[in-house]
Amino acid sequence: MSVNGRSEKLHSGATMALELYLDFFSQPCRSVFIFAKKNNIPFELKHVSLMDGEQYGEEFGKISVIKKVPALRDGDFCLTESIAILLYLAEKFKTPDFWYPADLQQRARVNEYLSWQHLAIRLHAAKMFWLLIMIPKVMGVDVPQDKMDAALEDLNGSLKLLEEKFIQDRPFIAGDHITLADLVAIVEVMQPVGSGLDVFEGRPKLTAWRDRVQAAIGKDLFDDAHQTVLGAQENVKLMDGSKLAFFKPKILKFFM
Amino acid sequence: MMELYLDLHSQPCRSVFLFAKAVGIPFEFKLVDLAAGHQYSEEFEKISLMRKVPVMKDGSFVLTESVAILKYLVQKHSSSVADHWYPADLQQRSRVNEYLSWQHMNLRAHGSKVFLLRALYSVIMGCEVPKEKMDSAVEDLNLSLKMLEEKFLQNKPFIIGDKISLADLVAIVEIMQPVGTGLDVFESRPKLTAWRERVKKALGEKLFDEGHEEIMTVGSLPQKLQNNSELEMLKQKYQKFFR
């Protein structure tokens with residue numbers, strides 16, 4: 001059952017392919033997509049268009065009660081929350097150890113980042129996308145400068161902690177190898193970038209880390225996953241603001 | 001011996017404390033008095049750059065984030081910690097992971113906000129909480145509680161089914177935060193109340209009460225803060241939360 005008819009069958013053979021319900025505007029969707037592709041995990045991509053409000057549809061609500069992407073369906077098992085999905089895929093498909101090391105301390109470092117990021121970088125990076133792209137489009141006004149400044153201050157604080165506590169002088173967050181932590185981090189950091197805020201400028205350490213993460217993922221895959229958000233400024237500009245009006249209550253509640 | 005840097009006013013500190021005690025993992029309790037601003041001391045900064053509790057120090061290995069600490073304890077003591085806390089079964093474990101991930105921006109965020117508004121707002125901001133702010137925060141909390149009941153618990157005894165897991169533990173300590181301020185979210189929620197009783201029983205009632213003694217007497221916190229020489233410094237830090 002597809003949400004809107006636009007589902008891609010990316011593998012043939014098995015009768016019940018694993019389904020991933022995704023939209024590339026969403027950071028957690030990108031981490032799940034990249035992980036699955038990188039590890040050659042067969043799945044059927046089910047596009048849930050957030051800009052068209054498909055996350056609020058009745059059909060999708062049966063997969064994801066919380067009405068959010070990403071969501072996974074494996075047979076009759078449905079799962080939400082990208083962290084949970086990534087861990088499920090890693091375990092089920094026995095992905096290489098380095099992604100989520102079995103070593104006690106290394107795994108703890110990955111878990112530490114995956115926990116911290118929710119109310120830190122995820123929150124602050126996501127906010128920039130709303131303030132810079134969505135609110136001007138949907139509400140037809142620019143966000144007041146003091147609110148922008150406060151949001152920027154929060155984002156800078158999180159990026160500082162990412163650099164100084166989580167990366168430090170290591171190649172990657174947990175050490176010498178990329179892990180789920182770096183993957184989850186990079187997709188969040190790319191959200192403000194797609195919104196027109198180059199967070200890498202003036203941050204050589206972060207830039208070097210990004211380059212390593214991109215290389216470990218593979219540039220083509222990385223670019224493929226980020227095409228939508230990097231085109232956000234252009235694409236959202238072309239959208240009909242009135243069709244996005246269903247975002248108004250959320251915007252008023254969270255940002256204004 | 002493993003050290004746990006805690007203040008039992010903090011929800012994530014309670015989950016770590018209760019878990020270690022419930023499964024019999026020995027630790028040294030190191031108090032970080034949040035109301036006295038100890039998290040901002042130079043001494044504590046050496047332990048954790050994040051300036052937050054809980055922190056675990058196991059030999060030279062320092063770890064923050066309660067969810068990471070709980071999983072570390074389960075993994076390290078796997079031979080003595082019962083499977084149901086963080087099941088080896090893939091689907092059951094995923095249900096725990098799903099809850100532990102969802103809760104940060106939902107029950108945790110909203111329960112904390114209601115707590116901060118009810119317990120700290122007036123002493124930090126010097127005036128009463130605007131009604132709109134309070135109503136909005138309580139509405140968010142109610143939505144999270146609804147999601148907990150309807151999506152995560154449904155008709156099961158515990159979040160993953162028949163037995164308690166890390167998910168229930170992390171959930172209960174967050175709910176107790178606004179409860180400590182006198183907002184009885186269990187009233188008119190019989191399903192949630194029944195679940196709470198099961199969780200208390202699984203942990204041990206005495207232990208549960210011990211862990212929640214501080215938060216249940218949090219009414220005295222504003223007074224404690226008023227008398228605190230660090231009040232001005234704390235005001236500056238906390239005003240950010242109320243922006």
Side-chain angles (χ1 to χ4, degrees), chain A residues 28 61 64-68 71-72 74-93 100 102-120 122-123 126 146-147 150-151 153-154 157 160-161 164-166 168 181 184 252-254, chain B residues 12 48-52 55-56 58-78 86 88-106 108-109 112 132 136-137 139-140 143-144 146-148 150-152 154 167 170 240 243:
Chain A
S64 168
V65 176
I66 58 173
K67 302 186 185 301
K68 289 185 190 231
L72 168 152
D74 192 3
D76 49 21
F77 181 67
C78 291
L79 188 65
T80 61
E81 293 295 316
S82 66
I83 306 299
I85 293 170
L86 290 166
L87 295 176
Y88 178 89
L89 294 175
E91 175 65 38
K92 177 156 184 172
F93 293 93
Y100 191 55
D103 174 77
L104 178 66
Q105 290 189 7
Q106 289 221 295
R107 177 165 288 197
R109 285 280 164 251
V110 178
N111 285 334
E112 188 183 41
Y113 183 78
L114 294 179
S115 174
W116 172 82
Q117 59 95 27
H118 288 275
L119 286 168
R122 167 145 180 67
L123 192 66
D146 64 334
K147 273 198 151 55
E153 192 190 323
D154 286 339
K160 189 167 193 275
L161 281 168
E164 293 181 8
K165 143 92 191 158
F166 290 101
Q168 291 179 20
V184 166
L252 286 167
K253 193 178 166 80
F254 289 116
Chain B
S48 169
L49 206 66
M50 313 299 277
R51 299 178 171 295
K52 292 184 188 220
V55 179
M56 177 201 84
D58 193 7
S60 59
F61 185 64
V62 178
L63 188 63
T64 64
E65 293 295 318
S66 65
V67 171
I69 295 170
L70 290 166
K71 289 185 179 184
Y72 176 93
L73 294 176
V74 167
Q75 191 180 341
K76 181 166 184 182
H77 300 269
S78 58
Y86 193 50
D89 174 77
L90 181 57
Q91 289 190 8
Q92 291 223 297
R93 177 167 288 203
S94 297
R95 288 279 164 251
V96 178
N97 286 333
E98 188 184 40
Y99 183 78
L100 293 179
S101 175
W102 173 86
Q103 58 94 27
H104 288 275
M105 282 207 277
N106 292 280
R108 170 151 178 65
S112 296
E132 217 181 79
S136 176
E139 190 194 325
D140 287 339
L143 284 170
S144 286
K146 188 168 192 275
M147 199 55 84
L148 171 60
E150 293 181 8
K151 161 163 170 84
F152 292 101
Q154 293 171 22
V170 166
K240 250 191 113 186
R243 205 162 49 191

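Hydrogens, waters and symmetry mates play no part in the numbers below; they use all other heavy atoms, side chains included. Quick note on labels: first sequence line is chain A, next is B, and so on, each numbered from 1. In this text, all values refer to a predicted model and were calculated from it rather than measured experimentally.
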Checking A/Glu81 side chain against B/Ser94 main chain: does a donor-acceptor pair fall under 3.5 Å?
-> no

Is a donor on one side and an acceptor on the other found under 3.5 Å between the side chain of B/Glu98 and the backbone of A/Thr80?
-> yes

The interface call for A/Lys92 against chain B, heavy-atom contacts under 4.5 Å, is both

Counting only heavy atoms closer than 4.5 Å, note whether B/Met147 contacts chain A via side chain, backbone, both or neither.
-> side chain

dist B/Tyr72:OH -> A/Gln105:CD (nearest 0.5 Å) comes out at 5.5 Å

So, the part of A/Ala102 with a heavy atom under 4.5 Å from chain B: the answer is backbone

For B/Glu132, is it the side chain, the backbone, both or neither that has a heavy atom under 4.5 Å from a heavy atom of chain A?
-> neither

How close do A/Arg109 and B/Phe61 get, heavy atom to heavy atom, and via which atoms?
-> NH2-CE1, 3.3 Å

Straight-line distance of B/His104 NE2 to A/Leu119 CG, nearest 0.5 Å | 7.0 Å

Where A/Leu123 and B/Met105 come nearest, the two heavy atoms and their spacing = CD1-SD, 4.0 Å

Looking only at heavy atoms, what is the nearest atom pair of A/Ala108 and B/Ala68, with distance?
-> O-CB, 4.0 Å

Turns out that what part of B/Lys71 lies under 4.5 Å from chain A's heavy atoms comes down to side chain

Hey, could you give me the CG/CG distance between B/Leu100 and A/Leu114, rounded to the nearest 0.5 Å?
-> 12.0 Å

A/Leu161 versus chain B, heavy atoms under 4.5 Å apart: side chain, backbone, both or neither?
-> side chain

Hey, are the side chains of A/Ile66 and B/Lys151 touching, using non-hydrogen atoms and a 4.5 Å cut-off?
-> yes

Spacing of A/Glu91 atom CD and B/Gln91 atom CD [to the nearest 0.5 Å] | 12.0 Å

Just give me the residue among A/Leu104, A/Asp154, A/Ile83 that pairs up with chain B most often, heavy atom to heavy atom, under 4.5 Å.
-> A/Leu104

